[in-house]
Each structure stands twice: as C-alpha cells, then as structure tokens.
Amino acid sequence: MRNKNAIDDALENSTANADVLGYLKLISTAIQEGENSSSQKILLELERLTAAEQDVDGK
Amino acid sequence: MKIRSIEICSLGVYSNIQLDFGDDPSGLIFINGNNGRGKTTLINSLKWCLFSGSRPPVAESTTRVKGTRDPILVSVAIELLGKDGVSLLVEKSQLVSVSDDLKRETSVGQPTMQGKLRIPGQPTKDLQDVQSYLDLWLPKRLEDFILFDAEQLANFFNTGTRVAVETAVLELAGVDNLDEVLEALRSQKIVAERAVAKSSGASAETHQKDVERLETLVSELETALTQSKQAAEQASADLAQVERDLTRFDILRERLDKEKELRSDVEIKSKELSGENARFISELVKKSHLFMAGDCLLEVEKFYNQGLAAGYPLSYPTEVLRELLESEECICGCNLDSTNHRENILRLIERQKIAEGVDQSLPQTRNQTMGIISTIHATRNFLVSTNRHISSLGQDIQSLERELEDIDNSLATPDEWQSKLDLERKLRARQKSEQEKARKYDSELYVQRTKLDGARRELLKASKTSSDSGKFRRQIEFLKICIETAVRVRQQAIQNVRQSLEDSMNSQYANIKAGTYRVTISDRFEVRLENADAQTVSEGEKMSLAYAFAIAIRDSLHMELPLVVDSAFGRLSSDNRYWLSKALVDLVSKDSSRQAVFLMHDIEYNPQTRKVFQASTPLELYMDHNPQQKTTTILQGIDPAWLSAEESPWFGWAEEQK
C-alpha cells in the first residue's frame with residue numbers, strides 16, 4: 001500500500017507554471033482512475049489551455 | 001501493513017498449519033526453530049503465494065496419508081492487514097502429481113489465485129484480478145526488501161543488485177504513473193503535429209510521417225544505446241568482481257602449484273624411503289655372517305690375550321713340556337709328586353696347543369679380522385645413516401602431507417574455479433558484444449538524427465500557416481513544455497528518493513559506528529559503503545548495509561511493508577546485532593501498522609537478544625518438529641527443547657527466571 005509518492009512531492013515543488021502542472025495532474029488522475037488519458041475532457045482542457053488568447057508560457 | 005495470518009497446506013514439513021498473528025500490537029514476531037524445522041519452507045511458501053516464487057515440495061506427511069494415486073492439492077493463504085482495518089486475503093493453490101517414489105513432482109494445470117477484500121462496515125468483496133491488488137499492496141519490485149534470507153544479504157550489494165535497487169527506487173518514486181502521463185503527452189503531441197501537417201497538404205503529411213518514423217527509430221536507438229552501455233558497464237562491474245575472485249584463486253593456484261611440487265617431492269621421497277628400506281634389510285641380511293665371524297674372532301683374540309696375561313708364555317713350546325712330563329720333572333724342579341703340578345702341566349699343554357695354533361694363525365687371521373671389522377663398522381655406519389635417513393624421510397613426508405592438507409582445505413573446489421573462469425569468459429564476451437553494439441547504435445544514431453533533422457527542416461518548409469495549424473502549433477508548444485516538466489519531475493523524484501534513502505542509511509550508520517562509515521547511492525543506483533580508514537568492509541557490515549536499506553525504505557519513505565527475514569541475525573557481530581535490534585524496535589514502535597517477522601535459531605535468538613526486545617513484548621513462537629511424522633507445528637513460547645539442551649544458550653534459562 002503506497003503512500004503519497006515522490007512524484008507527487010516533486011510535482012508540488014515544481015516551479016513549472018500552474019497550467020502545465022494542472023494539466024499533468026489531470027492526466028495523472030485520469031490514469032489512476034482507469035480513464036482514457038486522451039479523453040474528450042482532457043483534450044478540451046488542452047484546447048482551453050492553448051486557446052489563441054492564452055499565453056502558453058503562462059506569463 | 002501487517003501479515004495477519006498464514007495458512008499452509010501440504011507443503012514441505014507443513015501438513016496443515018494456521019498461524020494467526022491476530023492484531024499483535026508489538027509488530028515483532030519471532031518464529032524460532034533450528035535447522036530443518038521449516039523456516040525456509042515458510043519463507044518460500046510466502047514467496048510462492050505473494051511473488052510467484054518457486055513452490056516448496058509437497059509434504060511427505062500428506063502423501064503418506066493420501067497416497068500418490070491422485071494429485072494432491074497444496075495451498076498457501078495469507079491475509080494482509082492494511083490501514084483502517086482494510087484487509088486483503090490471498091489464496092494460491094495448485095494440484096500436484098507425485099511419483100510413487102516421491103522423488104518427482106509434476107504440476108497439474110495452472111495454479112489458481114483467489115482473493116477477497118474486506119473493508120470494515122462493507123460486505124466482503126471477491127476479487128477478480130487478485131494479482132493487480134497484490135501488486136498494489138506488495139509491489140514485486142520491492143520483493144528483495146520484503147522477504148529475504150539474511151545470510152544472502154552479505155552479498156546483496158556486491159553485484160547484480162543495481163537493478164534491484166533501481167527498481168525499488170523507481171517503485172518508491174512512483175514513476176509508473178508519470179511514465180504513462182508522459183506517454184499520453186507524447187501521443188497528444190503527435191496528434192497535434194499530424195493535424196498541423198494535414199492542414200498544410202500532402203507533402204507536409206509525407207514529411208510528418210518521415211519525422212514520426214525517424215523519431216521512433218531515434219528513440220529506439222537511444223534506448224538500445226543506453227541499454228547496451230548499461231549492460232557493458234554492468235558486465236565490467238561483474239567482471240571486476242570475478243577478476244577479484246580469480247585473483248584470490250590465483251593465489252590459491254600458486255599454492256596449488258606448490259601442492260603439485262610437494263606431491264611430487266612426497267612421491268620421490270616415498271620411493272627413496274622404500275628403496276632405502278629394502279637396501280637396509282638386504283645389507284642387514286647380507287652382512288649378518290660378518291657380524292658373527294667378527295664376533296668370533298674378537299672372542300679368540302680376547303682369549304689369546306687372556307692366556308698371555310695368565311702367564312702361559314709361549315716360550316715353553318709344547319714339546320718341552322711333554323719332555324718334562326715324561327721325565328717326571330716339573331718346571332719348578334720338583335719330581336711331580338704333587339698331582340697338582342702334573343695336572344697343571346697337562347692343562348698348560350692343552351692351553352699351549354691352542355695358543356700355539358692361535359699364535360700361528362693369528363697374524364693372518366688378525367688382518368682378515370681387521371678387514372672384516374672395518375667392513376662391519378662401515379656396514380654399521382651405513383645402516384645407522386640409512387636408518388636416520390629413513391626416519392627423516394618419514395618426517396619430511398608427514399610434514400609435506402600436513403602442508404598438503406592445509407592447501408586442500410584452503411583451495412576453492414575445481415568446479416567453483418571452473419565456473420568463475422566460465423563466467424569471466426562469458427562476461428568478457430558480453431562486455432565486448434555490448435560495447436560493439438553500443439558503437440554500432442551510436443553511429444547509426446548519428447545517421448538517423450541527421451536524417452531526422454533533415455526531415456524536420458523539410459516538414460517546416462512544407463508547413464503552411466493557417467488558423468487551424470496555429471491552434472495545433474500552440475498545443476505542440478504547450479505539450480513540449482509539459483513533457484519537459486514531466487521529465488524533470490521524474491528525475492527530481494528519483495533524486496529525492498535516492499537522497500532520502502542515502503540520508504536515512506547514513507543516520508543509521510551513525511548509530512552503528514559514529515563517523516566512520518559513509519553510504520552512497522550513485523546515479524546508477526549502486527549502493528556503496530565506505531569507511532573512513534578505507535578498510536575492507538566485512539561480510540557482517542555488508543549485511544547490515546542491506547538491513548539499513550530495507551529499514552530506510554520503510555522508515556524514511558513510509559512504505560508500510562512487512563519485513564520477513566530468515567536467519568535474521570546471521571553473520572552480524574554482537575555490536576551490529578544490538579544495533580539491528582534497537583533499529584527494529586524503533587521501526588515498529590513508531591507506527592502500529594509496521595511489522596517484522598524474524599525466523600531464527602537459538603544462536604541468533606538467545607536470552608541476550610531477548611532482553612533487548614523484552615520491553616516491546618514480541619510474539620514468541622517456536623517450531624515444534626516431529627521427526628517421525630516429518631511435520632512441524634508452530635506453538636507459542638520458547639522451544640522446550642532449547643531449554644533442556646545443554647549445548648543451547650537457553651539451557652538453564654527457565655530456572656533462572658524462577
């Protein structure tokens with residue numbers, strides 16, 4: 001039985017922007033819950049995050 | 001997590017045992033029994049059930065009762081207790097056909113796995129995919145640090161364990177999920193890249209396909225290159241170890257050469273001894289008449305000298321004496337009136353006869369006698385020296401044989417030697433082949449990367465800007481950042497786990513021998529223990545290193561895994577035993593969901609060891625073995641056989657307690 005692992009810690013302490021981390025966590029949770037990692041929900045989130053007005057660097 | 005119960009049916013010495021640890025609060029369970037009582041069968045039964053290890057043999061006691069006509073059902077059931085009262089029951093069973101002479105066993109069909117999940121307040125759930133639950137509860141990657149034989153730990157960090165440590169670290173870091181995330185991101189990026197190409201026309205699509213194909217090829221080549229490099233490095237490391245072993249063997253080989261030399265010396269000396277013995281006996285027989293003749297002549301000479309000393313002068317020849325007798329005259333002038341004088345003269349004549357004979361033959365005989373005596377002396381000297389030589393040869397042979405015995409005792413067996421030489425040859429071949437492969441991959445990689453760069457340039461030229469492609473381009477850029485971040489997070493997580501394990505192990509070593517030892521886990525997951533004075537690390541110290549790693553996994557990384565160890569204290573010195581006892585008590589007392597199960601014999605678990613654990617009130621069990629039935633049952637307490645055996649450290653302990 002696994003506790004919170006080092007990946008979770010490293011993600012929490014990462015300096016990457018919130019959109020990137022949020023997107024990684026979204027896919028990670030989907031995989032853990034046995035969902036499709038390229039589901040409609042995930043692709044829509046990708047589209048939202050990369051819409052024309054969105055700055056991909058998050059700056 | 002704890003093991004709550006174990007049930008073993010028809011395996012090894014167990015016809016049917018049920019061990020129920022219940023909710024034992026101490027977390028320390030000692031199952032004690034000397035060799036042959038079933039400690040290893042118990043560990044192997046757990047391995048078979050939990051990690052698909054080899055199945056222990058069918059219990060003889062079962063075949064005796066059930067016969068061998070029908071296959072026998074063997075099984076192991078284990079209940080694991082997790083947090084919040086959740087428990088997982090796993091049962092593995094197998095039908096086994098046993099030959100009449102009980103020597104051969106054949107599995108009938110595949111083993112079956114059944115599982116149940118019990119969550120307090122909910123109905124028990126029958127599990128369809130037991131293995132996936134087991135993987136989650138007890139990851140196979142960590143098997144080496146869950147169930148082990150402590151005797152093997154001394155060699156644990158020598159060779160071939162880098163992979164075990166790497167897999168353990170990856171498991172602890174939890175990279176599996178992130179690897180799947182990375183795979184998903186890469187797939188999404190490819191979809192976006194294809195969409196960009198599609199919006200630019202057929203030519204761009206062709207170039208996109210080229211890029212994808214080349215990227216796959218480059219990625220495969222990179223993996224192959226890394227694997228070959230690692231395999232070559234591993235082969236080098238293994239080779240270094242084998243060469244160290246062979247150097248040790250070389251020293252032994254020199255001794256073996258000396259042994260051959262000595263054996264040949266022994267043979268020569270033995271032959272010489274046997275020759276000398278024969279010669280001695282033959283000379284003794286041959287020269288024996290000389291001894292006798294010499295002795296006779298010496299007697300004669302003695303007699304002659306005695307005659308001279310007694311005043312029988314040879315100046316009175318026998319004829320003169322006869323004349324005196326016939327004329328009835330005596331030497332003294334009397335007329336031989338006295339019978340005494342007559343008898344004296346008669347005796348004198350007799351002696352004179354002998355003396356004259358001796359006197360005549362003496363010079364000639366004396367020369368012969370002297371020759372014979374000198375031969376006798378020479379023969380005696382030869383025999384004495386031969387005898388001495390024989391005795392010294394005997395001593396030489398004895399001492400050579402003692403030396404040979406010493407050599408024999410210190411030599412590796414020829415099989416061991418040969419297998420090391422074979423291994424060396426194989427490792428050299430593997431090292432060479434992997435190095436060649438790596439060179440080939442490296443050069444191929446250069447070619448394919450160049451092609452990939454070209455394909456990307458072509459794709460860029462063919463790509464056209466459109467509103468659709470803009471959207472996908474932004475997605476590609478975003479996904480690239482996501483991939484880079486995930487890769488960094490992965491590396492960081494592994495580094496954190498490694499650092500955490502290293503720190504934990506160093507803090508444990510500080511408790512063993514302050515300031516002397518330093519543990520490092522390299523980037524390649526090699527665990528090394530170095531001591532400040534660069535002394536060789538002892539076998540016991542290596543064993544404690546593996547324990548430190550196993551404890552670090554649980555303590556520092558909060559992996560709640562049971563620890564089950566056979567021959568738990570093995571080669572540990574008393575200092576290290578004390579440290580391990582304290583470390584274990586510390587480990588299990590911090591968290592009630594931790595558990596250590598130790599299987600020990602009476603030398604390991606003795607009254608002194610017991611004292612260290614006493615405050616923690618461990619559950620003490622012993623293996624009660626019935627040699628006639630070849631069965632073992634497990635009972636609570638200290639083995640009464642230990643308490644009554646004079647050679648056991650437990651002898652007299654019960655009385656002391658009273």
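Note on naming: letters A, B, ... go to the chains in the order of the sequence lines (proteins, then strands), and numbering restarts at 1 for each one.
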message = Using 0.5 Å steps for rounding, measure from the CG atom of B/Leu178 to the CG atom of A/Leu24.
response = 7.5 Å

key: Part of A/Ser14 within contact of chain B (heavy atom distance under 4.5 Å)   = side chain

request  = Report yes if some heavy atom in the side chain of A/Thr50 is under 4.5 Å from a heavy atom in the side chain of B/Glu477; otherwise report no.
outcome  = no

message = Tell me whether the count of non-hydrogen atoms from other residues, nucleotides or ligands lying under 6.0 Å of NZ in B/Lys125 goes above 12.
response = no

query = Roughly how far, to the nearest 0.5 Å, is the CZ atom of B/Arg474 from the CG atom of A/Leu49?
reply = 12.0 Å

ask   = In a check of side-chain contact (heavy atoms from CB on, under 4.5 Å) between A/Ile7 and each of B/Val175, B/Asn177, B/Val181, B/Asp176, which one passes?
value = B/Val175

ask   = Would you say A/Glu35 has more than 12 foreign heavy atoms packed within less than 6.0 Å of its CD?
value = yes

Residue pairs involving residues 481-493 of chain B (criterion side chain to side chain donor-acceptor pair (under 3.5 Å); sequence neighbours excluded) = B/Asp179-B/Arg490, B/Gln492-B/Asn496

request  = State whether the number of non-hydrogen atoms from other residues, nucleotides or ligands found under 6.0 Å of B/Lys140 atom NZ is greater than 12.
outcome  = yes

task = Indicate the atoms forming the closest heavy-atom contact of A/Asp19 with B/Phe478, along with that distance.
result = O-CZ, 4.0 Å

inquiry  = Return the CZ to CG distance between B/Phe472 and A/Leu46, rounded to the nearest 0.5 Å.
reply    = 9.5 Å

message = Need one label for B/Leu88: side chain, backbone, both or neither, based on atoms under 4.5 Å from any heavy atom in chain A.
response = neither

request  = Tell me, for B/Gln188 versus chain A, whether the close heavy atoms (under 4.5 Å) come from the side chain, the backbone, both or neither.
outcome  = side chain

note = Listed by number, the residues in residues 587-596 of chain B that come under 4.5 Å of chain A (heavy atom to heavy atom) are none

key: Pick from B/Ser187, B/Cys482, B/Ala486 with the largest number of heavy-atom pairs that fall under 4.5 Å of chain A   = B/Cys482

